[in-house]
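Taking it in order: structure first as structure tokens, then the write-up.
Nothing here was measured: the structure is a model prediction, and the numbers come from that model.
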Amino acid sequence: MATRKAPSWSDVKDKLADFDRAGLIGLVQDLYAASKENQAFLHSRFGLGDDVLKPYKATIDRWLWPDVFKNQDTSVAKAKKAIADYKKAVGQPRGLAELMVFFCERAAGFSNDVGLQDEGYFDALARMFAQALTIIGTLPEDRRPELLGRLDAVRRLGHNLGYGVGDDMDDLLVEHGFDGGQ
């Protein structure tokens, strides 16, 4: 018995070549209706709405600052997926930097607020802090101060968290050529 290979992008692309304009629009409409993630992707890709970052921030907020009274849990992976989804949809460095800084603010703020002591969560925070610094370094000089100021506030808060989080952030600022106002 012959085994069939899994469908790939080339198979899909071959099928799309047979569509006319109306067929492609119908397909995109069906994808749009299929999920909120698809809607956010298309809104972002086409620059629709007042704030294309809003749905991504809402996802980050939900998974990094859950409602503890509703027994919601945290998920660094789901919060990071929001950033990856934005990157696929648009990938503008300014938007990525904003989402990464927002990630850091929410993770540090939640940890400080509820006394979360989770080394894996803190490691993810430090990695995102480093990624944010890297992308901020690619932005035009006039776009950096506001984002760096927000990261400096995260760094200061990091000193309350334990596990050397604040010290790691101090080191990352120096490594990336920013002094953090220390």
Side-chain angles (χ1 to χ4, degrees), residues 3-111 113 116 118 120-140 143-144 146-147 150-151 154:
T3 59
R4 295 180 66 171
K5 69 176 181 122
S8 68
W9 168 243
S10 345
D11 299 322
V12 172
K13 194 165 86 170
D14 289 344
K15 293 294 183 184
L16 287 173
D18 297 335
F19 278 69
D20 62 4
R21 179 177 168 78
L24 280 173
I25 290 174
L27 175 64
V28 172
Q29 182 179 14
D30 291 343
L31 289 170
Y32 182 88
S35 76
K36 293 282 186 200
E37 291 82 11
N38 290 350
Q39 291 172 18
F41 177 92
L42 291 168
H43 293 167
S44 298
R45 174 65 60 94
F46 297 125
L48 304 173
D50 292 333
D51 183 2
V52 296
L53 298 178
K54 187 177 180 179
Y56 303 103
K57 284 183 169 183
T59 300
I60 292 167
D61 189 54
R62 159 54 189 100
W63 291 109
L64 294 182
W65 201 310
D67 187 335
V68 294
F69 297 112
K70 292 182 180 175
N71 251 358
Q72 292 179 339
D73 57 347
T74 60
S75 175
V76 167
K78 289 178 182 175
K80 286 171 58 178
K81 184 181 180 308
I83 296 170
D85 288 348
Y86 172 80
K87 188 174 185 178
K88 287 178 198 166
V90 182
Q92 293 291 333
R94 176 70 172 100
L96 283 171
E98 173 62 32
L99 291 176
M100 290 174 178
V101 170
F102 184 75
F103 178 108
C104 293
E105 290 170 330
R106 300 314 284 167
F110 178 74
S111 298
D113 237 31
L116 179 70
D118 182 320
Y121 194 84
F122 293 155
D123 288 345
L125 170 57
R127 283 191 304 275
M128 188 60 68
F129 191 91
Q131 290 174 20
L133 288 171
T134 298
I135 197 132
I136 289 169
T138 70
L139 296 176
R143 298 282 192 173
R144 297 177 187 178
E146 186 258 332
L147 293 166
R150 288 168 55 199
L151 279 183
V154 169

Query raised in the report: Can you name the nearest heavy-atom pair linking Leu151 to Ala132, along with the distance?
Result: CD1-CB, 3.9 Å
Report task. Search all heavy atoms of Phe122 against all heavy atoms of Ser111 and return the closest pair with its distance. Result -> CE2-OG, 3.5 Å
Supply the atom-to-atom distance [X] [atom1] to [Y] [atom2], rounded to the nearest 0.5 angstrom.
X      : Y      : atom1 : atom2 : value
Asn38  : Arg45  : CG    : CZ    : 12.0 Å
Thr134 : Leu96  : OG1   : CG    : 12.0 Å
Met100 : Ile60  : CE    : CD1   : 9.5 Å
Phe110 : Asp118 : CZ    : CG    : 10.0 Å

Atom pairs and distances, donor-acceptor, side-chain atoms in residues 69-80, under 3.5 Å, two or more places apart:
residue: Gln72; atom: OE1; partner: Asp67; partner atom: N; Å: 2.8
residue: Ser75; atom: OG; partner: Lys78; partner atom: N; Å: 3.1

Report task. Tell me, please, which residues at least two apart from Lys54 pass salt bridge (Lys or Arg N to Asp or Glu O under 4.0 Å). Result -> none
Query - Test salt bridge (Lys or Arg N to Asp or Glu O under 4.0 Å) applied to Glu37 - qualifying residues, sequence neighbours left out - result: none
Using a 4.5 Å cut-off on heavy atoms from C-beta on, say whether the side chain of [Y] contacts that of [X].
X      : Y      : answer
Leu147 : Arg94  : yes
Ile83  : Gln131 : no
Asp85  : Thr59  : no

Query raised in the report: Is there any ring pair (Phe, Tyr, Trp, His ring centres under 6.0 Å) pair reaching into residues 70-105, and which pairs are they, with sequence neighbours excluded?
Result: Tyr56-Tyr86
Atom pairs and distances, donor-acceptor, side-chain atoms in residues 22-34, under 3.5 Å, two or more places apart:
residue: Tyr32; atom: OH; partner: His43; partner atom: NE2; Å: 2.8

Query raised in the report: Can you list every side chain to side chain donor-acceptor pair (under 3.5 Å) pair that touches residues 95-108, not counting sequence neighbours?
Result: Lys57-Glu98, Asp61-Arg106, Glu98-Arg150, Glu105-Arg150
Report task. Take Phe46 and Val52, measure what side-chain contact (heavy atoms from CB on, under 4.5 Å) needs, and give me the verdict at the end. Result -> CA-CA 9 Å; Phe46 297 125; Val52 296; over 6 Å; no
